[in-house]
Number of protein chains: 2
Amino acid sequence: MVRDYGFWFVVCTVLVFGMAVRESSIEDILSRIRHASKRVTVAKRTVAQVLAEATGHLSADAITVAVQEREPDVSPSTIYRILEEFEELGIIVHAHLGQGAAVFHLAGTVHGHLTCEICKQTFEIPSTHFDDLSHDLLESYGFELDRHHVALSGTCAQCRAPGSTPHG
Amino acid sequence: MVRDYGFWFVVCTVLVFGMAVRESSIEDILSRIRHASKRVTVAKRTVAQVLAEATGHLSADAITVAVQEREPDVSPSTIYRILEEFEELGIIVHAHLGQGAAVFHLAGTVHGHLTCEICKQTFEIPSTHFDDLSHDLLESYGFELDRHHVALSGTCAQCRAPGSTPHG
DNA sequence: CTGGATGCAAATCCTTTGCACGAGG
DNA sequence: CCTCGTGCAAAGGATTTGCATCCAG
């Protein structure tokens, strides 16, 4: 993967594409808020930044902590209200993993979740894995699978391996 | 499905097989408890009956209500403790559906769950639907899918249909 | 200015836990 | 009998809500 020109391709991709996407997605979020006749506030702006900078999925609590690092006066209830609004506007989606709190991420990142029941780690996988199942469920039951919201439980490779550390 | 001898086959299946299974599964549960050096109590017996008689999956609260109809003095915390014990003994499994409380059912009934995000109804489907996905996840990530615990969100046929009642 | 957005605290829902008592083997 | 199981009440985490205040448009 990372060799000769491939390395620079990756670097440029991260710098140009990654940064650009993040900047634009924040502006995109804010413009969606304005477009819905909602108000753009410091709290919403900060939540948008946290979500755009997050590599994976965040719980409401993790988002609150991250937001309060920058804006200490934003309260948890405000975070919940903002997340609710963002979800209604289609900016973010949430998923319920095996146990515990719900997790949130930008709606653009369509993927499924695998949660290990033993080590509690969560893995993101491309939603293409659910294409066949999605067709199957639609044909069999007329059920339209929400591939943004898929969260499956099971045992991860590390925890299945006999010798290795079970809590990798 | 239900026509001439097929009808009576269904009837007999429900009566003989169904009743017999239910009776025996209660005894089976109780013997598993004894075998694990745990005590058989009125509360456990009643929870076992409720679980065996349930057609679908029940929340802890629903189980509590059903148990208290017969044994009013059984407390919710006892129900939770019994459900925990039953799960450790492999008698039952639980699943977390889209939102809300966890649901429980006998471990013998291996199936997946489809939960409609609109009408909140839950549908049970055979776990065979997950065979291909299961193989795929195992090959791709070494992840062993827990097919007892699968709960998928989406939109059910009724709520997808334009004209019909959205909350069927 | 004016109503939507926020902070705070309290309420809610689901589940777990501490403790003293009661009942099962 | 001696321990495990139970009832009660209180704690716990995650999320929602009521209300007075505040700030974006």
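Per chain, numbering begins at 1; letters A, B, ... match sequence-line order.
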Given atom [atom1] of [X] and atom [atom2] of [N], what is their separation to the nearest angstrom?
{"X": "A:Arg34", "N": "C:dG4", "atom1": "CZ", "atom2": "P", "answer": "19 Å"}
{"X": "A:Ile82", "N": "C:dG7", "atom1": "CD1", "atom2": "C1'", "answer": "12 Å"}
{"X": "B:Ile33", "N": "C:dG24", "atom1": "CD1", "atom2": "C1'", "answer": "13 Å"}
{"X": "A:Glu71", "N": "C:dA5", "atom1": "CD", "atom2": "P", "answer": "18 Å"}
{"X": "B:Leu97", "N": "C:dC13", "atom1": "CG", "atom2": "P", "answer": "19 Å"}
{"X": "B:Leu58", "N": "C:dC14", "atom1": "CG", "atom2": "P", "answer": "15 Å"}
{"X": "A:Glu85", "N": "C:dG4", "atom1": "CD", "atom2": "P", "answer": "12 Å"}
{"X": "A:Ile79", "N": "C:dC8", "atom1": "CD1", "atom2": "P", "answer": "12 Å"}

Under 4.0 Å between any heavy atoms, over every strand shown, what does [X] touch: base, sugar-phosphate, or nothing? Just pick one.
{"X": "A:Asp73", "result": "sugar-phosphate"}
{"X": "A:Ser75", "result": "base"}
{"X": "B:Ser59", "result": "nothing"}

Looking at A:His94, A:His129, A:His57, which hits ring pair (Phe, Tyr, Trp, His ring centres under 6.0 Å) with A:His113? A:His57

Residue pair B:Thr41/B:Glu84 against DNA chain C: nearer the 5' end by closest nucleotide is B:Glu84

By nearest-heavy-atom nucleotide on DNA chain C, the more 5' of A:Lys38 and B:His96 is A:Lys38

Taking the nucleotide of DNA chain D with the nearest heavy atom to each, does B:Arg81 or B:Arg39 sit closer to the 5' end? B:Arg39

With a strict under 4.0 Å distance from non-hydrogen atoms of chain B, what nucleotide opens and what nucleotide closes the contacted stretch of DNA chain D, reading 5' to 3'? D:dT3 to D:dA9

In Å, rounded to the nearest 0.5 Å, how long is the span from CG of B:Leu133 to CG of A:Leu152? 6.0 Å

